[in-house]
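The structure under discussion appears below in the form of structure tokens.
Protein chains get the first letters and strands the later ones, always in sequence-line order, with residue 1 at the start of each. Predicted model only: the values in this text are computed from it and were never measured.
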Number of protein chains: 4
Amino acid sequence: MSKEKILDAGQHLFAEKGFEGTSVRALAQAAGVNIAMISYYFGNKESLFEAIVERKTAYTRQRLEEVSHQTTASPVEKLDFVIDYYVDLILSNRKFHLMLYRELTLAQRKDFHDHILDILQKNWRELQGILLEGQDKKSFKQDIDTDMVIMTVFGVINQCSQTGILRKLIDKQDVADQEQEVRKRLKQYLKDLFHAYLLV
Amino acid sequence: MSKEKILDAGQHLFAEKGFEGTSVRALAQAAGVNIAMISYYFGNKESLFEAIVERKTAYTRQRLEEVSHQTTASPVEKLDFVIDYYVDLILSNRKFHLMLYRELTLAQRKDFHDHILDILQKNWRELQGILLEGQDKKSFKQDIDTDMVIMTVFGVINQCSQTGILRKLIDKQDVADQEQEVRKRLKQYLKDLFHAYLLV
Amino acid sequence: MSKEKILDAGQHLFAEKGFEGTSVRALAQAAGVNIAMISYYFGNKESLFEAIVERKTAYTRQRLEEVSHQTTASPVEKLDFVIDYYVDLILSNRKFHLMLYRELTLAQRKDFHDHILDILQKNWRELQGILLEGQDKKSFKQDIDTDMVIMTVFGVINQCSQTGILRKLIDKQDVADQEQEVRKRLKQYLKDLFHAYLLV
Amino acid sequence: MSKEKILDAGQHLFAEKGFEGTSVRALAQAAGVNIAMISYYFGNKESLFEAIVERKTAYTRQRLEEVSHQTTASPVEKLDFVIDYYVDLILSNRKFHLMLYRELTLAQRKDFHDHILDILQKNWRELQGILLEGQDKKSFKQDIDTDMVIMTVFGVINQCSQTGILRKLIDKQDVADQEQEVRKRLKQYLKDLFHAYLLV
DNA sequence: AATGAATGAGCCTTCATTCAT
DNA sequence: AATGAATGAAGGCTCATTCAT
């Protein structure tokens, strides 16, 4: 009960304020539990952070595997699906993902960094599998840089999420519409881009 | 004299440890000045940070403007040049740029966030100018998403810089070679990608 | 069952880490019982400590009384026996005795201090009885300071046990031999010393 | 100024409550300075403790050396002087010395333990020098255990200081008289004891 | 222009103990 | 008889900043 409340509060607060910016006092207060419960359940703040990332990414990985291992869809269809999936995933959890990548760029806490990177790489391998399958089936070109394609998918989505620049480019409508507009545009763009680059 | 030393020390330390991770004590010690000098010259840590970013980006912007305003090159050539330029720029100052984007994603410090974003947008407008010029001259397609192309340039370079994943993918050679290999591969990929997407 | 396990764990842990240095959590873990059991059985940490000391000293006192009340031996023989006995006793339980005297010197916990001192004094009175008997029988000098002799017996043994200096003075042999060497030397010295001081 | 105040407050508080029992908050309050000044001047609580011991023992060592190196006195006179000196020294700073020996028996903090022991051993060597000189000059017996004599001097004084038992043995007079009585009796006893044991 | 001392708030963690079951 | 969850206080320490000189 308290454990869940701490995880929930942590997911929200870490996303909002970052690791350093979130004090255990604030965590305990937001979770409505005593400050000592963080140590009691998780040992320390760092381990709580890892537990939150673990919970979040485990769910994501599971969902992703289900999708990418299905055999009925073509590589292009799978790629399009993954694009849609990741755009929605990242933009629906903007602050959390931003925070994750932010902490990832801090050379401090090397062990944690490697741990998270391993988890993310598992997901990246799924995408790589689709690209290689497409090359095998001759539906994608042979001289493409698959690593870079993966970098592009996450790089573009993160960049949009990060800078929030599109909010400035489209300022005619209200916030909710903007959000939908950005997602739609992002999905369309990535598909167009990769169809132009990948397809034979 | 002391002021310069503080700026230099700050540029290095903030890049290495981030804003939160850099203490005023560490700054003073690294600069070889008294701890009170930071407040004396810059008021507080945040303002020192802004001064450092200002100094760094001003230099970059100046260099970029010189390049993009030249009239002899074609849009494609200009695009290719900007790609080369940014890959070298960001990868040559990896830690600083990572830190910059990291701090940018923290909702805290809103004013600072907007200030930095304004600076970066100036540079982005240069790139946008090239894309629009290409459309004008009918050398680029008409139905392209120019905002997204900009997001892609920075997104992909940052993603490579950020995760350092390529270091894992190419581990046959020594570090210096890897660095060159990554840059070369990144430049080639981005050109191939945009030529496929942009050119009529 | 749990109570015994706690007492055993406490005797070992308090000897090793001292009163302050032993946490209730560590006690519970070492005893393999729930943390709340310490409060359940003993009320609080302090009372547990007293219970342990009580158990330990009661056993010692019983052994000592058996010995000192025997009537066949002369005062000198009795004294020699007590010296042998105490050297072995204290050096065989070095850490426990060190801890006991250590806690005794803390002005805090006055009640506990007095309680322990009463117990120890009972044993001291046995030794004093021997000395007075020796004076009565004219085998010891009349102008000796019996209180100080008692202080000397315990003071010297404790000092050796405490500083572990003899380990540094005799470093030719292995640890087990050192231990035996120290005991032998200590017994011989104390007998020589008191024979010189006490005997008529 | 603050540094001195912290050292003074520390000397008093550590003697009174021990290392663990003295909080940095209490130290700061007793010294009338801000809590951060302990870190500012000494780094941490442990280093403050070492600084205090250093200051105290340095003064003692200096005094002792002056005395033991004088050439006019005989070995017996020197021994008697050292006995008088140490009885006064330890009983005048009872709580401090008790605390010192107490902390010395804690296996925790091994480095600190060794450091203090080294300092104390320097003083012990002075006493050992006197005993060896006495043997050289044939005024002391040849078959004495000099290490044990040293253990005895400190052991007996510490034991008296520690248990405070004499307070119970002599309870006819007021406290100040007791103190003097104990010192006088202790000095006399130690001289009698060693004269009996050492002299040819 | 520059300093070292000083501040007070805040950090994370651990403590002995008690509660509800 | 026994438990795991929960408590609130206190622990040592570091922080950015300011003061007096």
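- The line from CG of D/N158 to OG of D/S161 is 6.0 Å long, rounded to the nearest 0.5 Å.
- Distance CG (D/N44) to C1' (F/dG11): 14 Å, rounded to an integer number of Å.
- Projected onto DNA chain F by closest heavy-atom contact, A/S2 and D/T22 fall at different nucleotides, the more 5' of which corresponds to A/S2.
- Scored by the side chain to side chain contact (heavy atoms under 4.5 Å, CB included) test, C/H12 finds C/E16 as partners (sequence neighbours excluded).
- Among A/D8, A/L7, A/L100, the one residue that satisfies the side-chain contact (heavy atoms from CB on, under 4.5 Å) test with A/I52 is A/L7.
- In this structure, NZ in C/K95 is found 11.5 Å from CG in C/L13, a value given to the nearest 0.5 Å.
- Between the NZ atom of B/K17 and the P atom of F/dA16 there is a distance of 13 Å, given to the nearest Å.
- If you find the closest nucleotide of DNA chain E to C/K45 and to A/R25, the one lying nearer the 5' end belongs to A/R25.
- Of all heavy-atom pairs spanning B/Y41 and B/S2, the tightest one is CE1-CB, 3.8 Å.
- By the 4.5 Å heavy-atom criterion applied to side chains, D/T105 and C/M99 are not counted as neighbours.
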Inset, instruction - Decide yes or no on side chain to side chain contact (heavy atoms under 4.5 Å, CB included) for C/R102 and C/E20, but give the supporting numbers first. - result: CA-CA 11 Å; C/R102 192 195 312 132; C/E20 299 277 0; over 6 Å; no
What side-chain donor-acceptor pairs closer than 3.5 Å can you find for residues 23-40 of chain C, not counting sequence neighbours?
residue, atom, partner, partner atom, Å
C/S23, OG, C/A26, N, 3.0
C/N34, OD1, C/A36, N, 2.7

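- Here the side chains of B/F19 and B/E46 are in contact, with some heavy-atom distance below 4.5 Å.
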Legend entry - Dot-bracket encoding per residue of DNA chain E, Watson-Crick/G-U cut-off under 3.5 Å, | denoting interstrand: .||||||||||||||||||||
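- Across all their heavy atoms, C/F42 and C/S47 have their closest contact at O-CB, 3.0 Å.
- Residue order along DNA chain F, read from the 5' end via each residue's closest nucleotide, puts D/A26 first among D/G43 and D/A26.
- Every residue two or more places apart in sequence or in another chain was checked for a ring pair (Phe, Tyr, Trp, His ring centres under 6.0 Å) with A/Y101, and none qualifies.
- Contacts between residues 31-41 of chain D and DNA chain F, counted as heavy-atom distances below 4.0 Å, involve D/I35, D/A36, D/S39.
- Nucleotides of DNA chain E lying under 4.0 Å from heavy atoms of chain D occupy a range whose first and last members, 5' to 3', are E/dG4 to E/dG10.
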